[in-house]
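Note sheet for the following structure.
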Amino acid sequence: MKAWGVSASLLLTASASLANTNHFPKHLAGPAEEIELLQKSHPAEHAITSKHAMIAVNMAPNKQGSYGWEQSVKIDGDNPKALLFAPNRDKWQLSIRGMGQNKSQQSFEFFTRETEFGMGQEQFPATQFELQNLPSGEYKFGVQASHNEAGYLLVSSDSPYQLQSFANAAGYLVGEVIDLNASATTSDKQFTMVTNDLQMIQSSYLRITQPDGVTFEVSMFDDGMATDKAASDGQFNGQFVAEQAGLYQVQVISEGLTPNGKPFYRTVEHVIPVIESDLSLSTKVATGAYSAPHKIDLSFGVDTALDNGRFRVMAEVWGTDPSQKAATAKAVSWLSTIAEINHGELTLQLDDRWLLDQGVSGPYALKNIRLEDTQYYINMLAVDELPLLLPSIRQQSKSSYKGGITESMLQGDKPAVLNNRPKAAGGKLMLVHGYCSGDAWGPVQNQFSNYVKFTDFNQNRSHDQFARLIDSYGDNFPSFGVVAHSQGGAAALHLYTYYWSGLDNAGSGRLIQSVGTPYQGTPLAGNLALIGDIFGIGCGYNGNLTTSGASAWLSGIPTWARSKVNYYTTSFTDKWWRWDYCNIASDLVLSDPEDGTTERSRGQLSGANNRGHKTGQCHTEGMRDMAQTRDSGRNGSMSSNAAR
């Protein structure tokens, strides 16, 4: 069976056209108690915490007929670390001079080494400067080059003081106000609270690059105005209007003093998607009609000029509690699906057993309706409440319902084409790679049995696109389970949540198993977007892998789907006598413990099965410790425990 699995992975490609494949959306639902869990998370919960400063290198002509750049950088921790990103950095001359109290300058000699910075196959070359023996203070970095080129200098140290920043939404519509916040934080036990009373941040501003490439700056304030909660509370706020559709690169730059009186200088890099929307409600009421036993289709009108728009639709069903003397609204269920507008209407599906379970009657309402795009999960239309006209519950439904929650109530009815497949007969274990990835499982595929390999190498896919490709490939088999690396785990969870597929025909065992999946995103995404503009290469920005984008996606993933995930995390080997890391470049950006791409904390998935954390393993090949996909013991366990 192993030999057949290898040949199948070579003959069957995953990159089938999505347009030529039927994908059957599920009609999701859950009890009223879950409604709170599926709300948008608080923005501060997906804040990026930075221990670095990323400084743009913009050269100017000098008297020597060449080009140069110079900037003073304040470093508050000992053992500084620096990375230089530029296509021709090997032809650049970098100088570092210490600035004494009397502004006298002392040049330093240092060693360099070449490294890479990125995620998956999207790796950008960088030069690392060995500065471990330098104390904290102010240093002047200078660059000389024969040609005018742009680059970035990334500086960090062992300081416990960090900059924390978040946007108030994962994405925005054209014309909306983009709102960002910044504050200081620390891991220093002496100062558990960092407020402006300690004068941590003295000034902060935004450097914004619009989708058309125009750059401008906006000041941030701690004055209690706008969305800043109170004056001098240590939280700075900055705003600007999203005037264009596309990706805004926003860098938060903050300066100040640590409680120890040392200079504080940090940056946080955000990429904020902005889309256009002309969606509007074209009806004053939602209507329901039976389409199958127990199934009531709920429809409401939406006006738009968009072609082939696909949306994640979410809403709550409310009824009236007849047991109360006065009419009292009662939550019945939440509903969700991925749908297209059909003849000016969007349709959700309600199982009438939710109404029977809660014992409600009319009048009914659809509340908290939200329509989101399926690339970034930006709210394109929000409706607080619509009256809902429902038919009388059929007598057959009343007599057949014996209580309890069934799979059909949670996911809708399985399509006949899947029901007609022999369950688990000929089922396979599908090995799935991640974002912008090469053949992550190839070197160890013989450690799995009865498997096939998904191959869509070196591509940038949203979770939804990725999931539908897995679905298309999975149509070659009556059923399958998934072992996934990195983004592949999130894509498999998305597939199981929103679409009927061979996953739903798998036999007993662990349905989805993942290693190194950033379920809560990674801070690397913003830095890579800036660096990618310099090099002009790479797989590109993926909004679902940012901390805010991952949070927006997770807000629609129910507990019954999460419970089918078994996940593992890893990090580097930690030795007390040396500086440890998986990737020397990403270590300057990520918080320990991390695997070179994903922080352990952001690899957690609430409601899923955490199968443990192991040190001495990094995200991909070429890092300091072995790649996490090469753990033969874990691979054997995942193979033997997998559903197929």
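What you are looking at is a predicted structure, and each value in this text was computed from that prediction instead of being measured.
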Going through the distances and angles, do N544 and Y377 end up as a side-chain contact (heavy atoms from CB on, under 4.5 Å)? CA-CA 9 Å; N544 300 159; Y377 303 99; 3.8 Å; yes
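- You'll find the side chain of V444 stays beyond 4.5 Å of the side chain of D631, heavy atoms only.
- Here the closest non-hydrogen pair linking W553 and A490 is CZ2-O, 3.5 Å.
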Let's go through Q628 and H485 carefully: what are the C-alpha distance in whole Å and the side-chain angles of both, what is the deciding distance for side-chain contact (heavy atoms from CB on, under 4.5 Å) to 0.1 Å, and is it a yes or a no? CA-CA 9 Å; Q628 56 196 194; H485 180 240; 3.0 Å; yes
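- In this structure, R600 contributes its side chain and T569 its backbone to no donor-acceptor pair below 3.5 Å.
- Donor-acceptor pairing under 3.5 Å is lacking for the side chains of H46 and S548.
- Interatomic distance, OG of S157 versus OH of Y265, reported as 14.0 Å (0.5 Å rounding).
- In terms of heavy atoms, A552 sits closest to A170 at CB-CB, 3.8 Å.
- L163 contributes atom CG, which lies 9.0 Å from atom NE2 of H52 (distance to the nearest 0.5 angstrom).
- In this structure, P443 and R630 have side chains that are in contact, with non-hydrogen atoms separated by less than 4.5 Å.
- Across all non-hydrogen atoms, the minimal contact from A56 to W69 is O-NE1, 3.6 Å.
- Heavy-atom contacts from other residues, nucleotides or ligands closer than 6.0 Å to NZ of K51 number more than 12.
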How far apart are the C-alpha atoms of W441 and F454, what are their side-chain angles, what is the distance that settles it, and do they pass the side-chain contact (heavy atoms from CB on, under 4.5 Å) test? CA-CA 10 Å; W441 296 109; F454 174 89; over 6 Å; no
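- Between the side chains of T127 and E114, at least one donor N or O lies within less than 3.5 Å of an accepting N or O.
- Ion pairing between R207 and E217 holds under the 4.0 Å rule for side-chain N and carboxylate O.
- Side chains of T547 and F166 form no contact here, defined as non-hydrogen atoms less than 4.5 Å apart.
- Without hydrogens or angle criteria, N237 side chain to N181 main chain gives no donor-acceptor distance under 3.5 Å.
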Kindly indicate, with the supporting measurements, whether the criterion side chain to side chain donor-acceptor pair (under 3.5 Å) is fulfilled by D439 and Q445. CA-CA 10 Å; D439 193 0; Q445 61 191 30; over 6 Å; no
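- Contact annotation: the side chain of Y567 approaches that of N610 to within less than 4.5 Å [non-hydrogen atoms, C-beta and beyond].
- Using a 3.5 Å distance cut-off with no hydrogens or angles, the side chains of D625 and Q617 do not pair a donor with an acceptor.
- Expressed to the nearest 0.5 Å, how far CD1 of I48 lies from OG1 of T546 amounts to 7.5 Å.
- N583 contributes a side-chain N or O that, together with a main-chain N or O of S586, makes up a donor-acceptor pair within less than 3.5 Å.
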Between T615 and T573, is the side chain to side chain donor-acceptor pair (under 3.5 Å) condition met? List the steps. CA-CA 5 Å; T615 60; T573 300; 5.2 Å; no
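- Here the OH-CZ distance, from Y161 to R266, works out to 10.5 Å after rounding to the nearest 0.5 Å.
- With rounding to the nearest 0.5 Å, the separation of CE in M200 from OG1 in T186 is 6.0 Å.
- Of the candidates H463, H433, R461, H463 is the only one forming a side-chain hydrogen bond (donor to acceptor under 3.5 Å, both in side chains) with Q487.
- A side chain to side chain contact (heavy atoms under 4.5 Å, CB included) with Y435 is found for exactly one of T597, T522, L545, namely L545.
- Side-chain N or O atoms of D222 include none that pairs as donor or acceptor with a backbone N or O of F236 at under 3.5 Å.
- The aromatic rings of Y376 and Y541 sit tilted relative to each other, their planes meeting at an angle between 30° and 60°.
- Between the side chain of Q244 and the main chain of D212, a donor-acceptor pair closer than 3.5 Å is present.
- When all heavy atoms of V218 and F240 are compared, the closest pair comes out as CG2-CB, 4.2 Å.
- With a 4.5 Å cut-off on side-chain heavy atoms, L247 and P273 count as touching.
- A donor-acceptor contact shorter than 3.5 Å is absent between the side chain of N460 and the backbone of C436.
- Checking D233 against Q235 by side-chain atom types alone, no donor-acceptor pair falls below 3.5 Å.
- Of the possible donor and acceptor atoms, one in the side chain of S50 sits under 3.5 Å from a partner among the backbone N and O of T267.
- Ring centroid separation for the pair Y248 and Y172 does not come in under the 6.0 Å cut-off.
- Taking both residues in full, the closest heavy atoms of N148 and M59 are given as OD1-CB, 3.5 Å, listed atom of the first, atom of the second, then distance.
- Judged purely by atom type and a 3.5 angstrom limit, S136 has no side-chain atom pairing as donor or acceptor with the backbone of G77.
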How far apart are the C-alpha atoms of Q251 and T209, what are their side-chain angles, what is the distance that settles it, and do they pass the side-chain contact (heavy atoms from CB on, under 4.5 Å) test? CA-CA 9 Å; Q251 189 176 40; T209 302; over 6 Å; no
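- Checked against salt bridge (charged side-chain N to carboxylate O under 4.0 Å, His left out), D158 has no partners two or more places apart in sequence or in another chain.
- Looking only at distances, no side-chain donor or acceptor of D595 sits under 3.5 Å from a matching main-chain atom of S571.
- From L153, atom CG reaches atom CG of L94 across 7.0 Å, with rounding to the nearest 0.5 Å.
- Remark: of the listed residues S183, S254, S165, S254 is the sole one forming a side-chain hydrogen bond (donor to acceptor under 3.5 Å, both in side chains) with S204.
- Between P523 and E599, the closest side-chain pair of non-hydrogen atoms falls below 4.5 Å.
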Given R634 and T570, is the side chain to side chain donor-acceptor pair (under 3.5 Å) satisfied, shown in steps? CA-CA 12 Å; R634 182 169 57 231; T570 74; 5.9 Å; no
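- A donor-acceptor distance shorter than 3.5 angstrom exists from the side chain of Q520 to the backbone of Q604, with no hydrogens or angles considered.
- Side-chain contact check for F141 versus I55: every heavy-atom pair is 4.5 Å or farther apart.
- A side chain to side chain contact (heavy atoms under 4.5 Å, CB included) with V515 is found for one member of H619, M638, R611 and no other, namely M638.
- Heavy atoms only, all atoms of each residue included: T620 and A627 are closest at C-CB, 3.6 Å.
- Looking only at side-chain heavy atoms (C-beta outward), L554 and S41 stay at 4.5 Å or farther from each other.
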